[in-house]
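As C-alpha cells, the structure follows; a few thoughts come after it.
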Amino acid sequence: KSQPQLDDLFYGKKSGFSIGLAHHNFGAFYSIYPCIFSFVIEGLYIKFNGEMNTFVILVIFAIPVGICYIPAYKAVFSNDKYLKYFKLFEKEDEHWHKKWKRRTTAFILGAIASIIFGVFLCFTILDVKVRFPWM
C-alpha cells in the first residue's frame with residue numbers, strides 16, 4: 001500500500017527527491033561555468049590591487065554566477081517548465097536517452113574542466129608558479 005507513496009516521494013515530478021537532486025545538481029554544475037570569468041576578474045583584481053578583500057572576492061564570484069544562472073534557472077524551473085521536458089523524455093526511445101546521457105556527462109565534465117581552467121587562468125594572471133607533487 002505504501003509503494004505509491006514511496007514512488008511519489010522519490011520520483012514525484014513536482015516535489016520528489018529526484019527533482020530536488022536535479023535542482024541541486026543543475027544549480028551546482030551550471031554555476032561553475034561562469035566561474036571562469038570570476039577567476040579571471042579575481043586574478044586581475046588581486047594583481048592590480050595587491051590585496052585580497054573577502055567581500056570583494058565574494059562579489060566578484062556572485063555577479064557573473066548570478067547573471068548567468070538566474071536566466072537559466074528561470075528557463076528550466078520557473079512555472080514548472082521542466083515538466084514539459086519530462087513529457088518529451090517519456091516519449092523518446094532508448095537511443096535518444098543514450099544521446100542525452102552523453103550530453104549530460106559532457107556538461108558535467110565541461111563544468112569540472114572549466115573550474116580547473118579558471119583556477120589555472122587565475123594563477124597565470126598572478127604569475128604564481130604551482131608545484132605539483134608529481135613534478
Side-chain angles (χ1 to χ4, degrees):
K1 288 183 178 182
S2 64
Q3 189 62 37
Q5 292 173 336
L6 283 174
D7 286 345
D8 189 51
L9 175 69
F10 285 104
Y11 307 113
K13 291 182 179 176
K14 287 220 175 213
S15 62
F17 176 74
S18 59
I19 289 299
L21 189 61
H23 242 135
H24 174 73
N25 287 341
F26 176 80
F29 288 110
Y30 191 81
S31 296
I32 290 174
Y33 281 99
C35 284
I36 290 175
F37 303 115
S38 299
F39 278 116
V40 169
I41 295 168
E42 178 184 341
L44 292 171
Y45 172 78
I46 294 170
K47 184 171 185 135
F48 291 118
N49 288 337
E51 65 179 77
M52 287 183 56
N53 183 338
T54 306
F55 177 73
V56 173
I57 298 299
L58 288 174
V59 169
I60 287 172
F61 272 95
I63 290 174
V65 169
I67 288 171
C68 294
Y69 176 75
I70 291 170
Y73 183 84
K74 285 186 177 187
V76 175
F77 290 107
S78 69
N79 299 324
D80 295 330
K81 289 180 185 174
Y82 63 91
L83 293 175
K84 177 178 72 175
Y85 298 114
F86 276 145
K87 290 177 186 174
L88 178 66
F89 269 74
E90 289 171 352
K91 292 178 186 177
E92 298 297 334
D93 63 348
E94 187 62 29
H95 176 71
W96 191 85
H97 283 270
K98 284 182 181 180
K99 177 177 74 172
W100 277 96
K101 286 178 186 176
R102 287 190 298 269
R103 287 181 178 180
T104 302
T105 302
F107 176 75
I108 292 169
L109 292 176
I112 294 167
S114 69
I115 199 156
I116 292 169
F117 185 63
V119 170
F120 172 77
L121 285 175
C122 183
F123 284 151
T124 302
I125 291 169
L126 293 173
D127 198 30
V128 174
K129 305 282 191 253
V130 179
R131 297 214 179 255
F132 295 103
W134 60 84
M135 295 178 122

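Because only heavy atoms are used, hydrogens play no part in the values below, and waters and symmetry mates are left out as well, while side chains stay in.
Between N53 and I57 the shortest side-chain heavy-atom distance does not fall below 4.5 Å. Between V65 and Y33 the shortest side-chain heavy-atom distance does not fall below 4.5 Å. Contact of the I36 side chain with the L121 side chain is registered, since non-hydrogen atoms from C-beta on lie closer than 4.5 Å. Side-chain contact check for C35 versus F61: some heavy-atom pair is nearer than 4.5 Å.
The distance from the CD atom of E94 to the NZ atom of K101 is 5.5 Å, given to the nearest 0.5 Å. Once rounded to the nearest 0.5 Å, the distance linking CZ of F107 with CD1 of I32 reads 8.5 Å. In this structure, L126 CG and E42 CD are separated by 8.0 Å, a value rounded to the nearest 0.5 Å. In this structure, the separation between CG on L44 and CD1 on I125 is 4.5 Å, given to the nearest 0.5 Å. Summarising the geometry, atom NZ belonging to K98 is positioned 9.0 Å from atom NE2 belonging to H95; distances are rounded to the nearest 0.5 Å. One finds the SG atom of C122 at 11.0 Å from the CD1 atom of I41 (value rounded to the nearest 0.5 Å).
Two different hydrophobic clusters hold F123 and V40 under the rule that ILVMFWY side chains link at heavy-atom gaps under 4.5 Å. V59 and V56 are not part of a single hydrophobic cluster, where members link through side-chain heavy atoms under 4.5 Å apart. No continuous path of hydrophobic side-chain contacts links L58 to Y45 [ILVMFWY only; heavy atoms under 4.5 Å].
Across all non-hydrogen atoms, the minimal contact from C68 to P34 is CB-CG, 3.6 Å.
Enclosure of atom CZ in F120 is not indicated, since only 12 or fewer non-hydrogen atoms of other residues, nucleotides or ligands lie within 6.0 angstrom. Heavy atoms of other residues, nucleotides or ligands lying less than 6.0 angstrom from CZ of F37 number 12 at most.
Between the S38 side chain and the I60 main chain, a donor and an acceptor come within less than 3.5 Å of each other.
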